[in-house]
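A short write-up of the structure that comes next.
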Amino acid sequence: MATSWVNSAARIGSDLHLELTGPGGRRAALIRALREAVRSGRLAPGTRLPPYRSLAADLGVARNTVADAYAELVAEGWLTARQGSGTRVAERAEPLRPAARVPRKAPARAHGPRHDLTQGTPDASSFPRTAWLASYRRALQQAPNEVFGPGDPAGRIELREALTEYLARARGVRTEPGRIVICSGFAHALRLLFGGGVLRGPLAVEAYGLGFHREVLAAAGVRTVPLPLDEHGARVDRLGRERAVLLTPAHQFPTGGPLHPARRAAVIDWARARGGLVLEDDYDGEFRYDRKPVGAVQGLDPERVVHIGSVSKSLSPAVRLGWMVLPERYVDAVLAVKGDREAWASVLDQLSLADFVVSGAYDRHVRRMRQRYRARRDRLLAALAEHAPHIEATGIAAGLHAVLRLPPGCEASAVKAAAWQGIALDGLAAFRHPDTDMPAGDGLVVGYATPSKHAYGPALEALCRALPPP
């Protein structure tokens, strides 16, 4: 016998969960379960147990079974029984305590880097707390009662409607609320699409990209095939038998170039001819500094492109919200993978983001951060021009990072020199696909958005000291 019972014991103020397991029948199992509850501290000394009639009814056992169990535990000293006071856990029945151990010192923490120039993280000090709080309050006050029940796996309609308007206006995306599915970010979108079996590999990817995303795909059993890159972006003419390709067309990560217009058209032609699919990671799509941001590839053919975005760069990775704009034929399949209710993205955060977008606060924040990050990039270029003119920052003026090209063979030593200067950053090789035949180039991936305003100047000074001499 191995049965779990839950006694909704209103008389003792909380539910009592008992595992009736082991040999000897229900009486013996109940005695063991009550002893364990006292030993573990789940039943504290002085706790009043439910009357044996109530417990017997909850457990579906005979009253005599519970009465006999109580009587034996009273005799053993685990319980006490007094007329008018009911049955209680004995005051001397102390819960089982962990064996005494020699106190352990907390492990000594190594001092973190003084300067954080890692890529992919916005300036945390710039989060729009006041405006976000105002949106959260409005959303909470106006939320219908249904908001506090199980969430719609597609996401709140308020957010999907707000995204439909915003993405059309700011990114040239053509969609409707019924084709948007809310998720918790880009990696979650990959897990839903591939881990849930909506799409299958192999998947063509850019030769440089986030290793974490390749790991997510590998965990779903997807083989990734690298596409070489050049000054015009991914070589989509090298697409083979794959039925899907993952691209960062607005601002290739990490090398920094946009996908050339001719290649945008070419990849759509490929998808139409092969019945294929383009996965568009709209990485840094809103942060273009030298011109108006390039529109999304999805606008060229909404039935051949899955457009994926999030607020991890524009707002904060702490706001776990993203979205997939899906071709109509994939909507039901993705929702089936998500399940009957929303399990990842907070419904209240969804409503807050919807208000944040509709009120115009999101646009204002993006414009403000665009100016701030452009100034950060300009300061980086000015520091290089003054202290290391032989080092070139490649890629377009966009995003939250820049790649500093280094002389051949210098990357490993430059990363080590940066560590000696107290700088956290990545070498370009860390993002290289292990199977690519694309010639390697040395470089440093410098995230200029991460440091706070007062820390950025010292970080640049330390970076220039770490760069190799001409």
Should the heavy atoms of other residues, nucleotides or ligands under 6.0 Å from [atom1] of [X] be counted, would the total exceed 12?
X    : atom1 : result
R241 : CZ    : no
D237 : CG    : yes
E328 : CD    : no
R329 : CZ    : yes
R368 : CZ    : yes

Test item: [X] side-chain N/O and [Y] main-chain N/O as donor-acceptor pair under 3.5 Å:
X    : Y    : answer
Q252 : G233 : no
E206 : T248 : yes
Q421 : R465 : no
E342 : A154 : no
S359 : F356 : yes
R370 : E286 : yes
H260 : A234 : no
E411 : L428 : yes
T436 : H433 : no
R179 : L326 : yes

Side-chain touch [X]/[Y], heavy atoms, less than 4.5 angstrom:
X    : Y    : value
L227 : L239 : yes
I308 : Y283 : no
T224 : L246 : no
H251 : H401 : yes
L321 : S310 : no
D116 : P451 : no
R264 : P249 : yes
R42  : E36  : yes

Inset, instruction - Quick one: do L203 and L217 satisfy side chain to side chain contact (heavy atoms under 4.5 Å, CB included)? Show the steps, please. - result: CA-CA 9 Å; L203 174 69; L217 292 164; 3.7 Å; yes

Legend entry - Those residues that, when tested against R171, pass side chain to side chain donor-acceptor pair (under 3.5 Å) (two or more places apart): D282

Legend entry - cation_pi(R377, Y289) dist<6.0 Å, angle<=45: no

Lys/Arg-Asp/Glu bridge criterion (N-O < 4.0 Å) met for [X], [Y]:
X    : Y    : answer
R274 : D269 : no
D378 : R376 : no
R263 : D230 : yes
R320 : D349 : no

Legend entry - Centroid-centroid under 6.0 Å between Y166 and Y362 rings: yes

Side chains of residues 181-191: which donor-acceptor partners sit under 3.5 Å, not counting sequence neighbours?
from : atom 1 : to   : atom 2 : distance (Å)
S184 : OG     : H188 : ND1    : 3.2
H188 : ND1    : S184 : N      : 3.0

Using distance only, find each side-chain donor-acceptor pair of residues 142-150 under 3.5 Å and give its atom names and separation, not counting sequence neighbours.
from : atom 1 : to   : atom 2 : distance (Å)
E146 : OE2    : R156 : NH1    : 3.3

Legend entry - Residue pair L404, E392: steps toward the side chain to side chain contact (heavy atoms under 4.5 Å, CB included) verdict: CA-CA 6 Å; L404 308 189; E392 178 189 7; over 6 Å; no

Inset, instruction - Quick one: do L463 and V446 satisfy side chain to side chain contact (heavy atoms under 4.5 Å, CB included)? Show the steps, please. - result: CA-CA 9 Å; L463 174 64; V446 177; 4.2 Å; yes

Inset, instruction - Carefully, step by step, assess Y136 and L348 under the rule side chain to side chain contact (heavy atoms under 4.5 Å, CB included). - result: CA-CA 8 Å; Y136 191 92; L348 293 179; 3.4 Å; yes

Legend entry - Verdict with supporting geometry, Y448 and Y373, ring pair (Phe, Tyr, Trp, His ring centres under 6.0 Å): CA-CA 7 Å; Y448 47 75; Y373 294 150; 7.0 Å; no

Inset, instruction - Compare every heavy atom of W270 with every heavy atom of V245, then report the nearest pair and how far apart it is. - result: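 Looks like CG1-CZ3, 3.8 Å.
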
Inset, instruction - From the options L167, L163, T164, select the one residue that forms a side chain to side chain contact (heavy atoms under 4.5 Å, CB included) with V325. - result: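 It is L167, the one option of L167, L163, T164 that forms the side chain to side chain contact (heavy atoms under 4.5 Å, CB included) with V325.
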
